Amino acid sequence: MTETNAFPSLSLNSPSAASSVLQLGHLSTVRSFNITNFMDHENGAVAVEMLSDDFDPTAVVAEPLPPVVTSTDDCDLLGKLAEDRKGSREKQMVLGRNVHTTCLAVTEPESNDDFTGDKEAYMASVLARYRKTLIERTKHHLGYPYNLDFDYGALTQLQHFSINNLGDPFIESNYGVHSRQFEVGVLDWFARLWEIEKNEYWGYITNCGTEGNLHGVLVGREVFPDGILYASRESHYSIFKAARMYRMECEKIDCLISGEIDCADFKTKLLAHQDKPAIINVNIGTTVKGAVDDLDLVIQTLEECGYKQDRFYIHCDGALFGLMMPFVKRAPKVSFKKPIGSVSVSGHKFVGCPMPCGVQITRLEHINALSRNVEYLASRDATIMGSRNGHAPIFLWYTLNKKGYSGFQKEVQKCLRNAHYLKGRLRDAGISAMLNELSSTVVFERPKDEEFVRRWQLACQGNIAHVVVMPSVNIEKLDDFLNELVEKRSTWYDEKVQAPCIAADVGTENCSCGQHK
């Protein structure tokens with residue numbers, strides 16, 4: 001069925017209209033709605049009750065299934081073009097719904113609202129209902145790498161302040177409501193983790209992991225203006241976004257079946273461009289398969305191709321696993337004692353910060369190419385953004401102090417243990433599944449039912465999906481997911497309809513299709 005605009009003339013200029021929308025849930029069942037039916041024609045004001053009698057502030061907002069579209073060669077989904085899957089059949093991609101059809105309008109208060117309190121009551125009801133939705137969606141959150149296990153009640157006392165760390169973290173500006181003392185403390189913690197002295201690094205707390213990648217690639221570009229960006233096809237899409245933004249020449253490197261960079265192909269492409277410096281993105285955990293690129297092998301490949309340290313720059317994208325790898329015994333070490341230029345990690349993923357943020361650290365010697373004096377701030381600035389969330393450093397500081405290295409080590413061990421449990425249960429159920437040795441990302445065959453995918457918020461690409469086992473994901477949640485998947489799967493496949501072969505994605509040893517099991 002083709003989806004049409006359910007509200008062709010709905011402007012949502014009143015709280016009542018917005019609450020009416022909330023009641024509808026599945027918009028595809030509504031044909032039309034005209035706001036003029038509710039107008040007081042004498043004065044043009046909305047003449048309808050703020051909330052309908054059957055408004056339920058505790059109800060969960062229904063989420064309609066989004067339309068299915070066919071991906072094209074221009075689609076750079078998860079940093080991997082459709083054309084990269086050589087010889088594969090055309091894939092279908094499911095786009096999310098158009099939020100404009102369900103948005104909550106900002107409305108003007110009534111003239112007597114201070115007396116009646118209707119607007120406050122309306123907003124309280126909407127927020128109560130939204131909270132109910134968040135609780136429900138959190139229960140079924142498995143496909144994206146966010147740690148939802150946190151409690152920052154002690155920090156609510158700071159929410160009344162507009163804390164802004166605009167400018168350089170290490171130099172105060174004229175704006176006095178900042179949290180630089182927390183920010184630099186957090187940066188020092190990560191500097192110790194990645195083995196670089198205080199007087200040798202520069203960094204800042206970013207607004208997200210993508211900003212860390214944009215900054216890392218930008219520093220590399222400023223150090224080597226004519227350098228070529230090398231990144232594996234499994235790299236996060238923000239790396240290729242950076243290449244487009246900075247108009248950089250970019251070489252995509254093939255990957256092994258694990259998702260790790262193929263250094264043989266890397267060597268071939270390096271040798272073809274020996275006349276230009278190399279700017280390399282190294283993945284400390286790829287987006288889809290959680291693969292960790294071998295940093296030492298990348299450096300060795302550069303040296304074998306004749307690249308000395310003054311002709312290459314390495315940025316390490318450690319969005320999720322950048323904080324996990326230091327606590328895994330057999331993991332390759334990410335350290336500034338090696339010839340790397342920068343490392344970035346997300347703060348809202350493994351750490352568990354409730355707002356998107358990240359940490360970016362680079363060598364101080366590189367930052368002068370970016371840094372500029374800003375008289376308006378009475379400071380310097382080498383960041384991507386201007387204003388920066390001053391609350392995020394406090395949340396990170398609070399968690400790092402509360403957990404410490406030993407606390408993170410325990411959480412890493414828990415995640416790896418539970419990931420192996422999930423993979424084992426999937427394979428026992430006859431479901432194709434793969435888990436990289438250093439990863440908590442379990443890759444398996446894509447569920448046939450998009451409603452199931454949406455319910456469990458699974459990230460999918462082509463014929464595969466994944467679950468990222470985070471500290472907030474326990475055995476009970478995994479069992480609920482597995483039991484439901486096995487039950488649903490029994491209705492998807494039978495003797496006539498076989499489960500898909502995903503050997504091309506996970507290897508024959510991990511495929512449980514009829515041909516490989």
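No experiment lies behind these values; they were computed from the predicted model shown. Keep in mind that the numbers below use all heavy atoms, side chains included, and drop hydrogens, waters and symmetry copies.
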*Asks:* Is there a donor-acceptor pair under 3.5 Å between the side chain of Lys423 and the backbone N or O of Ala433?
*Replies:*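 The answer is no, because no donor-acceptor pair under 3.5 Å joins these two groups.
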*Asks:* As an exercise, state the distance from NZ of Lys333 to CE of Met325, rounded to the nearest 0.5 Å.
*Replies:*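 Spacing of NZ (Lys333) from CE (Met325) equals 14.0 Å.
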*Asks:* Taking the side chain from Ser346 and the backbone from Leu320, do they hold a donor-acceptor pair closer than 3.5 Å?
*Replies:* no
*Asks:* Could you tell me whether Lys402 sits above the aromatic face of Tyr152, with NZ or CZ closer than 6.0 angstrom to the six-membered ring centre and within 45 degrees of the axis?
*Replies:*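 That pair does not qualify as a cation-pi contact.
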*Asks:* In the structure I gave you, are the side-chain heavy atoms of Phe350 and Cys415 within less than 4.5 Å of one another anywhere?
*Replies:* yes
*Asks:* Indicate the atoms forming the closest heavy-atom contact of Phe266 with Ile253, along with that distance.
*Replies:*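 It is N-CG2, 3.6 Å.
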*Asks:* Mind telling me whether Phe408 and Phe327 have parallel, tilted or perpendicular rings, with 30° and 60° as the class edges?
*Replies:*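 If you compare the ring of Phe327 with that of Phe408, the planes turn out parallel.
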*Asks:* Strictly by salt bridge (charged side-chain N to carboxylate O under 4.0 Å, His left out), give each pair with a member in residues 474-490 just once, sequence neighbours left out.
*Replies:* Arg425-Asp479, Glu445-Arg489, Arg455-Glu484
*Asks:* Not counting sequence neighbours, which residues clear salt bridge (Lys or Arg N to Asp or Glu O under 4.0 Å) with Lys448? List them please.
*Replies:*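 Lys448 satisfies salt bridge (Lys or Arg N to Asp or Glu O under 4.0 Å) with no residue once adjacent residues are dropped.
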*Asks:* Run Leu323 and Phe190 through side-chain contact (heavy atoms from CB on, under 4.5 Å) and show every step you take.
*Replies:* CA-CA 9 Å; Leu323 189 52; Phe190 279 96; 4.0 Å; yes
*Asks:* Is the number of heavy atoms from other residues, nucleotides or ligands within 6.0 Å of CG (Asp494) greater than 12?
*Replies:*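 More than 12 heavy atoms, drawn from other residues, nucleotides or ligands, come within 6.0 Å of this atom.
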*Asks:* For residues Cys316 and Ile340, report the shortest heavy-atom separation together with the two atoms involved.
*Replies:*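 Minimum heavy-atom contact is SG-CG2, 4.1 Å.
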*Asks:* Can you check whether Val351 reaches Phe395 side chain to side chain, under 4.5 Å on heavy atoms?
*Replies:*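 No, every pair of side-chain atoms sits at 4.5 Å or beyond.
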*Asks:* Closest heavy-atom contact between Arg427 and Cys511?
*Replies:*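 Between these two residues, the closest heavy atoms are NH2-O, 4.5 Å.
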*Asks:* Taking Ser440 for the side chain and Val469 for the main chain, is one N or O donor matched with an acceptor at less than 3.5 Å?
*Replies:*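 Side chain of Ser440 to backbone of Val469, a donor-acceptor pair under 3.5 Å: yes, one is there.
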*Asks:* Under 3.5 Å, side chain of His236 to main-chain N/O of Thr287, donor-acceptor pair present?
*Replies:* no
*Asks:* What orientation do Trp456 and His140 show, parallel under 30°, tilted 30 to 60°, or perpendicular over 60°?
*Replies:* perpendicular
*Asks:* Kindly say whether Gly153 contributes a backbone atom to a donor-acceptor pair with the side chain of Thr156 at under 3.5 angstrom?
*Replies:*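 Yes.
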*Asks:* Using only atom types and a distance under 3.5 Å, with no angle test, would you say the side chain of Ser439 pairs donor to acceptor with the backbone of Leu435?
*Replies:*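 The answer is no, because no donor-acceptor pair under 3.5 Å joins these two groups.
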*Asks:* What I'd like to find out is whether the side chain of Asp254 reaches to under 4.5 Å of the side chain of Arg233, using heavy atoms alone.
*Replies:*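 Yes, their side chains come closer than 4.5 Å.
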*Asks:* Yes or no on side-chain contact (heavy atoms from CB on, under 4.5 Å) for Lys119 and Met123, after CA distance, side-chain angles and deciding distance?
*Replies:* CA-CA 6 Å; Lys119 189 64 174 288; Met123 292 189 294; 4.1 Å; yes
*Asks:* Quick check against the 3.5 Å criterion: does His315 have a side-chain atom that pairs as donor or acceptor with the backbone of Val282?
*Replies:* no
*Asks:* Using side-chain heavy atoms (C-beta onward) and a distance below 4.5 Å, is Trp194 in contact with Val345?
*Replies:* yes
*Asks:* So, do Ile431 and Leu482 sit near enough that their side-chain heavy atoms are less than 4.5 Å apart?
*Replies:*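 No, side chains not in contact.
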*Asks:* Under a 3.5 Å distance rule, please check whether Thr286 uses its side chain to pair with a backbone N or O of Ala291 as donor and acceptor.
*Replies:* yes
*Asks:* Can you check side chain to side chain donor-acceptor pair (under 3.5 Å) on Asp317 and Asn281, steps first, answer last?
*Replies:* CA-CA 7 Å; Asp317 176 10; Asn281 176 71; 5.0 Å; no
*Asks:* Give, for atom CH2 of Trp397 and atom CD1 of Ile205, the distance between the pair rounded to the nearest 0.5 Å.
*Replies:*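 Answer rounded to 0.5 Å: 12.5 Å.
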*Asks:* Please round to the nearest 0.5 Å and tell me the distance separating atom SG of Cys255 and atom CG of Asp293.
*Replies:*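 The SG atom of Cys255 sits 7.0 Å away from the CG atom of Asp293.
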*Asks:* Would you check if the side chain of His348 reaches a backbone N or O of Cys357 as a donor-acceptor pair within less than 3.5 Å?
*Replies:* yes
*Asks:* Can you confirm whether Ile502 sits close enough to Phe444 that some side-chain heavy atom of one is under 4.5 Å from a side-chain heavy atom of the other?
*Replies:* no
*Asks:* Nearest 0.5 Å, please: how far is CD in Glu260 from CG in Asn283?
*Replies:* 10.0 Å
*Asks:* Checking the side chain of Gln457 only, and the main-chain atoms of Arg137 only, is there a donor and an acceptor separated by less than 3.5 Å?
*Replies:* yes
*Asks:* So, using side-chain contact (heavy atoms from CB on, under 4.5 Å) as the criterion, who are the partners of Ser472 when residues are at least two apart?
*Replies:*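 Expected list: Asn147, Leu148, Asp149, Met470.
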*Asks:* Kindly determine whether Val298 and Cys263 satisfy side-chain contact (heavy atoms from CB on, under 4.5 Å), including the steps that lead there.
*Replies:* CA-CA 7 Å; Val298 168; Cys263 280; 4.1 Å; yes
*Asks:* Would you name the heavy atoms of Gly318 and Ile284 that are closest together and state the gap between them?
*Replies:*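 Nearest heavy atoms, Gly318 then Ile284: CA-CB, 3.7 Å.
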*Asks:* Of the non-hydrogen atoms in Cys513 and Ala499, which two are nearest, and what is the gap between them?
*Replies:* CB-O, 4.3 Å
*Asks:* Give, for atom CG of Asp505 and atom NZ of Lys289, the distance between the pair rounded to the nearest 0.5 Å.
*Replies:*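 Answer rounded to 0.5 Å: 5.5 Å.
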*Asks:* With a 6.0 Å cut-off (strictly less than), is the heavy-atom count around CD of Gln498, excluding the residue itself, greater than 12?
*Replies:*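 Yes, because the 6.0 Å sphere around CD of Gln498 holds more than 12 heavy atoms from other groups.
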*Asks:* Kindly indicate whether the side chain of Pro332, heavy atoms from C-beta on, has any atom under 4.5 Å from the side chain of Leu438.
*Replies:* yes
*Asks:* Apply side-chain contact (heavy atoms from CB on, under 4.5 Å) to Val468 and Tyr146, showing your working.
*Replies:* CA-CA 8 Å; Val468 185; Tyr146 305 129; over 6 Å; no
*Asks:* What's the separation between atom CD1 in Ile239 and atom CD1 in Ile279, rounded to the nearest 0.5 Å?
*Replies:* 11.0 Å
*Asks:* If you define the side chain from C-beta out and look only at heavy atoms, does anything of Leu458 sit under 4.5 Å from Phe481?
*Replies:* yes
*Asks:* Tell me the closest heavy-atom pair linking Lys349 and Ala319, and the distance in Å.
*Replies:* NZ-CB, 3.7 Å
